[in-house]
Amino acid sequence: MIGHVMCRARAGLLPLTLALLFTGCAPASVTFSSPSNVPPVALSETPAAVPPAEEELREAFRQADPFLRRESVLRAVGRVLRGAEARRMDDGELSDYLTEIAFSSGRLRLADRAFVRREGDLAVVGLPDGLGIVLYDLDASPDALPLELTSWSAGLSALEVRWGADEFGVSFVTLGADGATRVHYLLTVRDGQGWKVAWNGDEAPDWWFNALNAGITIAPDLSRLIVEGEAESTTLAFLEEGNAPRRVFKIEWVREEDSYIPVPPVEAYPSRRAWLWAVARPSAYSTLVEFIERLQRQDVEGAADLVGSPEIIEVAQSLDLDSPLRRYQVTDQQPGSITFRDREGTYRAVFESPSPERERWLIVALEVLEGDSRTPTPETEE
């Protein structure tokens with residue numbers, strides 16, 4: 001009975017010939033003759049194990065030589081992207097997957113994660129550890145290295161791609177050691193020679209002007225960009241250090257062929273300072289800076305457009321706030337008022353918010369809080 005059960009068990013595992021059905025169970029080992037046209041396989045020789053793409057990438061990050069390390073990472077990422085598992089993932093999942101592999105190497109110098117944005121057979125990848133942003137053509141040879149879009153990606157914290165026909169725009173954000181973010185933009189186009197970076201905002205002198213803690217809006221057809229962000233060292237009237245407020249500037253970049261130019265240009269204004277007044281986003285602080293700067297340049301007519309009544313100009317002049325030698329620091333900012341001071345005294349400007357008919361904030365009162373013994377602010381009429 002036991003032998004009969006074992007025979008039935010073996011019958012479920014191997015196809016039985018008619019001879020086996022009549023003679024009982026097959027012997028413990030069966031030798032099958034090979035066809036004459038197929039050479040026998042030497043069972044003692046097994047092919048070398050090929051590590052999976054993710055293990056290859058992990059080992060690439062562990063390499064000590066920086067140049068060999070980067071090239072190895074580039075090739076390994078390409079193999080991961082071409083794998084069946086990666087193709088089943090969406091961009092967010094694949095970004096997390098590459099990030100996890102990189103960090104599991106235990107050899108990253110920066111805390112930068114990976115970003116993947118795909119369109120068809122194209123993949124823009126922000127590499128972990130500040131190794132750059134590259135373009136993979138997944139339809140090309142697996143041994144081909146990707147196109148480097150930029151090597152300056154340390155601190156990469158966000159990346160988006162606006163795809164077009166034979167072109168795309170890449171916007172990305174980096175986080176600096178100072179805790180501030182900076183926005184970047186690249187235009188990449190394809191011509192008869194292949195893909196190339198046509199315009200890099202980081203190489204345009206005016207791009208860095210307001211890229212600090214900025215946001216970017218990209219037109220669907222890549223015809224224009226709008227960057228709204230802070231700028232440093234834009235005024236001598238106020239100290240803008242540490243957590244002090246700064247003006248936010250809005251710059252529009254208009255595409256001309258395969259590059260972008262800022263609009264309006266500085267040359268369209270009588271001075272760079274006048275251009276700054278024009279492109280500053282309306283706010284109470286923007287009004288205060290422009291008001292003091294105009295007074296310090298004896299532009300009373302321009303300053304009058306920033307106040308609710310002519311008496312404010314008189315008070316400011318009586319307090320010597322129009323002296324070009326004075327430099328102020330903001331000590332407190334509330335929704336409707338700003339307190340600022342220098343060695344001579346402490347002052348508070350009270351503001352009226354914009355209306356449907358008026359875009360700017362207006363100064364409606366100017367008060368002396370301490371230290372200045374000169375003419376106080378007169379009572380403003382209700």
Side-chain angles (χ1 to χ4, degrees), residues 70-71 73-75 77-78 80-82 86-87 90-92 94-95 98 112 114-127 130-174 182-211 214-229 250-265:
R70 187 173 187 275
E71 182 175 339
V73 167
L74 291 174
R75 294 189 185 281
V77 167
V80 171
L81 294 176
R82 290 178 172 89
R87 293 182 180 273
D90 63 28
D91 288 351
L94 184 52
S95 299
L98 287 178
D112 299 352
F115 292 89
V116 180
R117 300 292 182 263
R118 292 171 293 184
E119 178 75 8
D121 290 322
L122 299 177
V124 173
V125 180
L127 299 168
L131 293 181
I133 299 174
V134 296
L135 170 67
Y136 285 91
D137 184 349
L138 301 179
D139 196 36
S141 169
D143 293 327
L145 288 175
L147 171 68
E148 179 181 271
L149 302 181
T150 180
S151 60
W152 302 101
S153 66
L156 185 65
S157 59
L159 184 147
E160 295 299 335
V161 179
R162 175 80 69 177
W163 299 97
D166 292 327
E167 62 182 13
F168 58 86
V170 180
S171 60
F172 61 101
V173 177
T174 55
R182 288 165 177 80
V183 69
H184 314 257
Y185 178 81
L186 302 163
L187 174 65
T188 305
V189 301
R190 178 162 56 186
D191 57 20
Q193 304 299 318
W195 290 99
K196 66 177 182 179
V197 177
W199 190 80
N200 184 344
D202 292 348
E203 297 174 357
D206 289 331
W207 179 267
W208 288 104
F209 162 67
N210 67 327
I216 183 171
T217 302
I218 304 171
D221 60 357
L222 307 182
S223 62
R224 61 189 60 227
L225 320 168
I226 296 177
V227 179
E228 292 188 67
K250 180 178 179 180
I251 307 296
E252 184 176 3
W253 292 80
V254 176
R255 183 171 175 177
E256 288 191 353
E257 296 182 350
D258 286 340
S259 64
Y260 293 85
I261 60 171
V263 175

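The residues of the chain are indexed from 1 along the displayed sequence.
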Worksheet item: With the threshold set at 4.0 Å, does a side-chain nitrogen-carboxylate oxygen contact exist between R117 and D91?
Response: no
Practice prompt. To the nearest 0.5 angstrom, please state how far the CH2 atom of W253 sits from the OG atom of S223.
Written response: 15.0 Å
Practice prompt. Mind jotting down which residue pairs meet the side-chain hydrogen bond (donor to acceptor under 3.5 Å, both in side chains) criterion with at least one end in residues 141-151? Sequence neighbours excluded, please.
Written response: R70-E148
Fill in: salt_bridge(D258, R255) N-O dist < 4.0 Å
yes
Item to complete: Might you work through the ring-ring contact (aromatic ring centres under 6.0 Å, His included) test for F172 and F115, ending with a clear yes or no?
Response: CA-CA 10 Å; F172 61 101; F115 292 89; 9.9 Å; no
Response to the item:
Rounded to the nearest 0.5 angstrom, the CH2-CG distance for W195 and D166 is 5.5 Å
Worksheet entry | Taking every non-hydrogen atom, the tightest pair across A123 and L138 | CB-CD1, 4.4 Å
Discussion item. Taking side chain to side chain contact (heavy atoms under 4.5 Å, CB included) as the definition, give me every residue that meets it alongside V254, ordered by chain and number, with sequence neighbours left out.
Written reply: R224, E252, V263
Item to complete: Over all heavy atoms of both residues, which pair between Y136 and V125 is shortest? Give the atoms and the distance, please.
Response: CD1-CG2, 3.8 Å
Worksheet entry | Within-4.5 Å side-chain heavy-atom neighbours: V189 and W199 | no
Discussion item. So which atom in W163 and which in V124 form the shortest heavy-atom distance, rounded to 0.1 Å?
Written reply: CH2-CG2, 3.8 Å
Worksheet item: Is the backbone N or O of S153 less than 3.5 Å from a side-chain atom of T174, with the two atoms forming a donor-acceptor pair by type?
Response: no
Worksheet item: Any sub-3.5 Å donor-acceptor pair from S157's side-chain atoms to V173's backbone N or O?
Response: yes
Worksheet, complete the sentence: Distance col, row R87:CZ vs R82:CZ, nearest 0.5 angstrom, shows 8.0 Å
Worksheet item: Stepwise, does the side-chain contact (heavy atoms from CB on, under 4.5 Å) test hold for I218 with E160?
Response: CA-CA 10 Å; I218 304 171; E160 295 299 335; over 6 Å; no
Response to the item:
Per side chain to side chain contact (heavy atoms under 4.5 Å, CB included), L135 is matched among V170, L186, L122 by L122
Worksheet item: D191 and Q193: which non-hydrogen atoms are nearest, and at how many Å?
Response: OD1-N, 2.8 Å
Discussion item. Nearest 0.5 Å, please: how far is CG in L149 from NZ in K196?
Written reply: 14.0 Å
Worksheet, complete the sentence: In short, A86 meets L81 closest at the heavy-atom pair CB-O, 3.8 Å
Worksheet, complete the sentence: Given the options I216, V161, T217, L225, S171 meets side chain to side chain contact (heavy atoms under 4.5 Å, CB included) only with I216
Show me the donor-acceptor pairs, under 3.5 Å and distance only, between side chains in residues 204-211 and residues at least two apart or in other chains.
residue	atom	partner	partner atom	Å
W207	NE1	V183	O	3.1
W208	NE1	D202	O	3.1
N210	ND2	V227	O	3.0
N210	ND2	F249	O	2.9

Fill in: Pair D121-D137, side-chain contact (heavy atoms from CB on, under 4.5 Å): steps then yes or no
CA-CA 6 Å; D121 290 322; D137 184 349; 4.2 Å; yes
Discussion item. Run Y185 and L222 through side-chain contact (heavy atoms from CB on, under 4.5 Å) and show every step you take.
Written reply: CA-CA 11 Å; Y185 178 81; L222 307 182; 4.0 Å; yes
Practice prompt. Would you indicate whether the side-chain heavy atoms of L131 and D112 approach each other to under 4.5 Å?
Written response: no
Worksheet item: Considering all heavy atoms of both residues, which atom of K250 and which atom of I226 are nearest to each other, and what is their separation?
Response: CE-CG2, 3.8 Å
